[in-house]
Amino acid sequence: QVQLVESGGGSVQAGGSLRLSCTVSEYTPSSYCMAWFRQAPGQEREGVASIDVDGGTTYADSVKGRFTISQDNAKKILYLQMNSLKPEDTALYYCSADTWERLCPSLSLLSEYNTWGQGTQVTVSS
């Protein structure tokens, strides 16, 4: 069974950067769709970015141009580089995978993602 463990969260001032990491216990991340989601207090979980097996990426409009999803297959790690952070980026960030698919479902279809990490907190202060 695939297990996902996130790390790299923390507190940063607006305009700063963080890099989140997600360690995948089995298979290389390039074997199936991987994605990042986030959930702010009192709000629904939302998709942030996804990466297909062929390297194709999709981003939520709110993070385009600021966030970059990537993966290191040798280390079995998925990354989310977050630049120009804003207070509205404050949330619990989750690593996720759809281990049945090589092409990622829409980021709006949370139920299609069958494997989740425990989350890492990102707090951006103004």
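Just so we're clear, the structure is a prediction, and the values are computed from it rather than from any experiment.
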* Structure fact -> Rounding to 0.5 Å, atoms OG (Ser50) and CG (Asp98) come to a distance of 10.5 Å

* Is there a path from Tyr59 to Val48 through hydrophobic residues (I, L, V, M, F, W, Y) whose side chains come within less than 4.5 Å of each other? -> yes

* **Residues Ile51, Gln71; criterion side chain to side chain contact (heavy atoms under 4.5 Å, CB included); working and verdict** => CA-CA 9 Å; Ile51 185 165; Gln71 55 196 19; 3.6 Å; yes

* **Atom pair CG/SG of Leu103 and Cys33 - distance to nearest 0.5 Å** => 8.5 Å

* Test side chain to side chain contact (heavy atoms under 4.5 Å, CB included) applied to Met82 and Asp89, step by step -> CA-CA 9 Å; Met82 305 185 296; Asp89 294 319; over 6 Å; no

* To do: Locate the shortest heavy-atom distance separating Ala35 from Leu107; write the atom from each residue and the value.
  => CB-CD2, 4.3 Å

* **Contacts of type side-chain contact (heavy atoms from CB on, under 4.5 Å), residue Ser96, not counting sequence neighbours** => Phe37, Tyr113, Trp116

* Structure fact -> Residues at least two apart in sequence or cross-chain that pass side-chain contact (heavy atoms from CB on, under 4.5 Å) with Ser7, listed by chain then number, are Ser21

* To do: Report yes or no: do Ile69 and Leu4 belong to one cluster of Ile/Leu/Val/Met/Phe/Trp/Tyr joined by side chain heavy-atom distances under 4.5 Å?
  => yes

* Would you confirm whether Ser25, through its side chain, and Gln3, through its main-chain N or O, come within 3.5 Å as a donor-acceptor pair? => yes

* **Asn114 side chain to Thr99 backbone, donor-acceptor under 3.5 Å** => yes

* **Heavy-atom neighbours of Gln118 CD exceed 12 at 6.0 Å** => no

* Asked: So, the side chain of Gln13 versus the backbone of Ser126: is there a donor-acceptor pair under 3.5 Å, distance only?
  -> no

* Between Thr120 (side chain) and Gly9 (backbone), is there a donor-acceptor pair under 3.5 Å? -> yes

* Asked: Does the ring of Tyr94 carry Arg38 above it, NZ/CZ under 6.0 angstrom from centre and within 45° of its axis?
  -> no

* **Value rounded to 0.5 Å, distance of CG in Leu85 from OG in Ser11** => 11.5 Å

* **Audit row: Ile77, Val24, side chain to side chain contact (heavy atoms under 4.5 Å, CB included) steps and yes/no** => CA-CA 6 Å; Ile77 299 177; Val24 185; over 6 Å; no

* Donor-acceptor pair, side chain of Arg102 and main chain of Tyr32, under 3.5 angstrom -> no

* Do side-chain atoms of Asp52 reach the backbone of Gly55 as a donor and acceptor pair under 3.5 angstrom? -> no

* Treat each ILVMFWY residue as a node, draw an edge where side-chain heavy atoms are under 4.5 Å apart, and state whether Phe67 and Met34 are in one component. => yes

* Stacked cation flag Arg19 on Tyr79, 6.0 angstrom / 45 deg -> yes

* Has the side chain of Glu101 got a donor or acceptor atom that lies under 3.5 Å from a matching backbone atom of Pro105? -> no

* Mind checking the CG-OG1 spacing from Asn83 to Thr68? Nearest 0.5 Å is all I need. => 6.5 Å

* With hydrophobic residues grouped by side-chain heavy-atom distances under 4.5 Å, do Val2 and Leu78 end up in a single group? -> yes

* Structure fact -> The complete set of disulfide (SG to SG under 2.5 Å) pairs with one or both residues in residues 37-98, sequence neighbours excluded, reads Cys22-Cys95

* Asked: If every non-hydrogen atom of Ala91 is compared with every non-hydrogen atom of Gln121, which pair is closest and at what distance?
  -> O-NE2, 3.4 Å

* To do: Check for a donor-acceptor pair, side chain of Asp54 on one end and backbone N or O of Gly56 on the other, with a separation under 3.5 Å.
  => yes

* **Heavy-atom pair of closest approach, residues Thr90 and Ala40** => O-CB, 3.7 Å

* **Where Ala60 and Gly47 come nearest, the two heavy atoms and their spacing** => CB-O, 3.4 Å

* Is any side-chain heavy atom of Arg66 closer than 4.5 Å to a side-chain heavy atom of Lys86? -> yes

* Is any NZ, NE, NH1 or NH2 atom of the basic residue among Lys64 and Asp61 found under 4.0 Å from an Asp or Glu carboxylate oxygen of the other? -> yes

* Flag yes if Val122 and Trp36 sit in one hydrophobic cluster, no otherwise; membership is Ile, Leu, Val, Met, Phe, Trp, Tyr, and two members link when side-chain heavy atoms are under 4.5 Å apart. => yes

